[in-house]
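These notes are about the structure you will find just below.
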Amino acid sequence: MLETPRQLATRLERGEIDRTEFQSLMAIHARELIAEIEEDHQNPLAAWIESRLAKAAVKRLLRKHSGFRIREILTALSEAPDFTLAKYLWNAPHPDVPLHCFFRIRREPLFQILSIREDADVTEIHVEIFRPRNRARILLRRDPEWQLRAPSFSKGVERA
């Protein structure tokens, strides 16, 4: 699985990879992004509908939860080393990127947070991922520094 741009930048800063390797790995991410932009350009109606559905999903979540909390959850998922959708969430900590950009309602692979429930140091989220009606429950826990952390996804996520 390809590392996220944030993980690649961290490795570059630590000296684990050189600049040439960093640029070649980032080029893979850039090509994927350009391919999605081209798809949107070829079918602007589908892109507009996707955007409207994502904005509606975020609006539903914002009725009960703050944007900060949703962004914290997305960040925790993006930092999980083996979460396959992390490459779509890597810039979740940046407040200038709208929350709806991280939701994929009809575009494969799907990703949508359906509900959030918080209890002390545990946050339970229900998500729809990969294909329609494939719902899962993910438990995020706070570490000793009170940062929200995702579990290992190597064994898969629990079906909701």
Side-chain angles (χ1 to χ4, degrees), residues 1-44 46-51 53-55 57-58 61 67-114 116 123 125-132 134-159:
M1 187 170 77
L2 185 62
E3 294 171 296
T4 67
R6 191 170 55 215
Q7 292 167 335
L8 292 172
T10 301
R11 289 187 60 206
L12 177 66
E13 290 170 1
R14 287 188 205 141
E16 296 173 7
I17 58 175
D18 64 7
R19 189 167 189 75
T20 306
E21 186 178 1
F22 173 75
Q23 289 175 336
S24 66
L25 292 170
M26 287 298 288
I28 296 169
H29 285 287
R31 282 192 295 275
E32 289 178 359
L33 184 60
I34 291 168
E36 284 199 4
I37 292 169
E38 287 175 352
E39 284 177 26
D40 288 350
H41 184 70
Q42 291 171 358
N43 194 346
W48 181 79
I49 291 170
E50 176 73 17
S51 173
L53 291 171
K55 287 177 182 179
V58 169
L61 286 173
F68 175 81
R69 184 70 63 227
I70 296 168
R71 203 169 288 278
E72 183 182 31
I73 290 167
L74 293 171
T75 301
L77 290 172
S78 77
E79 292 173 347
D82 50 358
F83 186 55
T84 57
L85 298 178
K87 71 179 184 177
Y88 300 105
L89 306 174
W90 69 271
N91 56 351
H94 299 281
D96 48 333
V97 179
L99 286 172
H100 75 272
C101 295
F102 304 109
F103 286 60
R104 301 171 67 90
I105 310 300
R106 290 186 179 171
R107 175 177 269 169
E108 292 289 332
L110 301 181
F111 175 78
Q112 178 182 359
I113 297 175
L114 301 171
I116 302 169
T123 300
I125 61 171
H126 289 123
V127 294
E128 185 168 45
I129 53 177
F130 300 115
R131 56 183 137 62
N134 185 16
R135 297 186 178 188
R137 180 177 73 113
I138 300 172
L139 293 177
L140 306 172
R141 297 190 185 282
R142 295 203 179 270
D143 65 11
E145 289 84 36
W146 208 244
Q147 295 293 316
L148 205 55
R149 300 288 179 213
S152 173
F153 291 97
S154 59
K155 296 178 183 174
V157 293
E158 182 178 324
R159 298 286 181 253

Do other residues, nucleotides or ligands put more than 12 heavy atoms under 6.0 Å from His94 NE2?
yes
Any heavy-atom pair between the side chains of Pro151 and Ile138 that's under 4.5 Å?
yes
Can you tell me if CZ on Arg149 sees more than 12 non-hydrogen neighbours from other groups inside 6.0 Å?
yes
Are the side chains of Leu74 and Leu99 in touch, meaning some heavy atoms are under 4.5 Å apart?
yes
Atom pair CZ/CD of Arg135 and Glu128 - distance to nearest 0.5 Å
5.0 Å
Look up atom CZ in Arg106 and atom CD in Glu50, then write down how far apart they are to the nearest 0.5 Å.
8.0 Å
Main chain of Phe111, side chain of Arg104: is a donor-acceptor contact present, judged purely on distance under 3.5 Å?
no
Counting C-beta onward and ignoring hydrogens, is there a side-chain heavy-atom pair between Ile116 and Leu61 closer than 4.5 Å?
yes
Ile73 side chain near Leu140 side chain, heavy-atom distance below 4.5 Å
yes
Run the side-chain contact (heavy atoms from CB on, under 4.5 Å) check on Glu108 and Leu110 step by step: do they pass?
CA-CA 5 Å; Glu108 292 289 332; Leu110 301 181; 4.1 Å; yes
With side-chain hydrogen bond (donor to acceptor under 3.5 Å, both in side chains) as the test, pick out the partner of Lys87 among Gln7, Glu3, Glu32.
Glu32
Side-chain heavy atoms of Phe102 within contact of Val58, under 4.5 Å:
no
Can you tell me how far CG of Leu8 sits from CE of Met26, rounded to the nearest 0.5 angstrom?
6.5 Å
Of the non-hydrogen atoms in Ile113 and Phe103, which two are nearest, and what is the gap between them?
N-CE2, 3.4 Å
What distance separates Thr4 OG1 from Leu85 CG, expressed to the nearest 0.5 Å?
12.5 Å
What heavy-atom pair brings Ala80 and Ala86 nearest, and what distance separates the two atoms?
O-CB, 4.4 Å
Between atom OH of Tyr88 and atom CG of Leu33, what is the distance when rounded to the nearest 0.5 Å?
10.0 Å
Counting only N and O atoms by type, is there a donor-acceptor contact under 3.5 Å from the side chain of Arg71 to the main-chain atoms of Pro93?
no
Taking all atoms of both residues into account, what is the closest heavy-atom pair of Asp18 and Glu21, and its distance?
OD1-N, 2.8 Å
Return the minimal non-hydrogen interatomic distance between Ile105 and Ala57, and the atom names on each side.
CD1-CB, 4.1 Å
State whether the side chain of Arg6 and the backbone N or O of Trp90 hold a donor-acceptor pair below 3.5 Å, judged by distance alone.
yes
If you draw a 6.0 Å radius around CZ in Arg141, do more than 12 non-hydrogen atoms from other residues or ligands fall strictly inside?
no
Begin from the C-alpha positions of Glu36 and Arg107 and carry the test side-chain contact (heavy atoms from CB on, under 4.5 Å) through to its verdict.
CA-CA 10 Å; Glu36 284 199 4; Arg107 175 177 269 169; 3.3 Å; yes
Can you tell me how far the CD1 atom of Ile70 sits from the CD atom of Glu72, to the nearest 0.5 Å?
11.0 Å
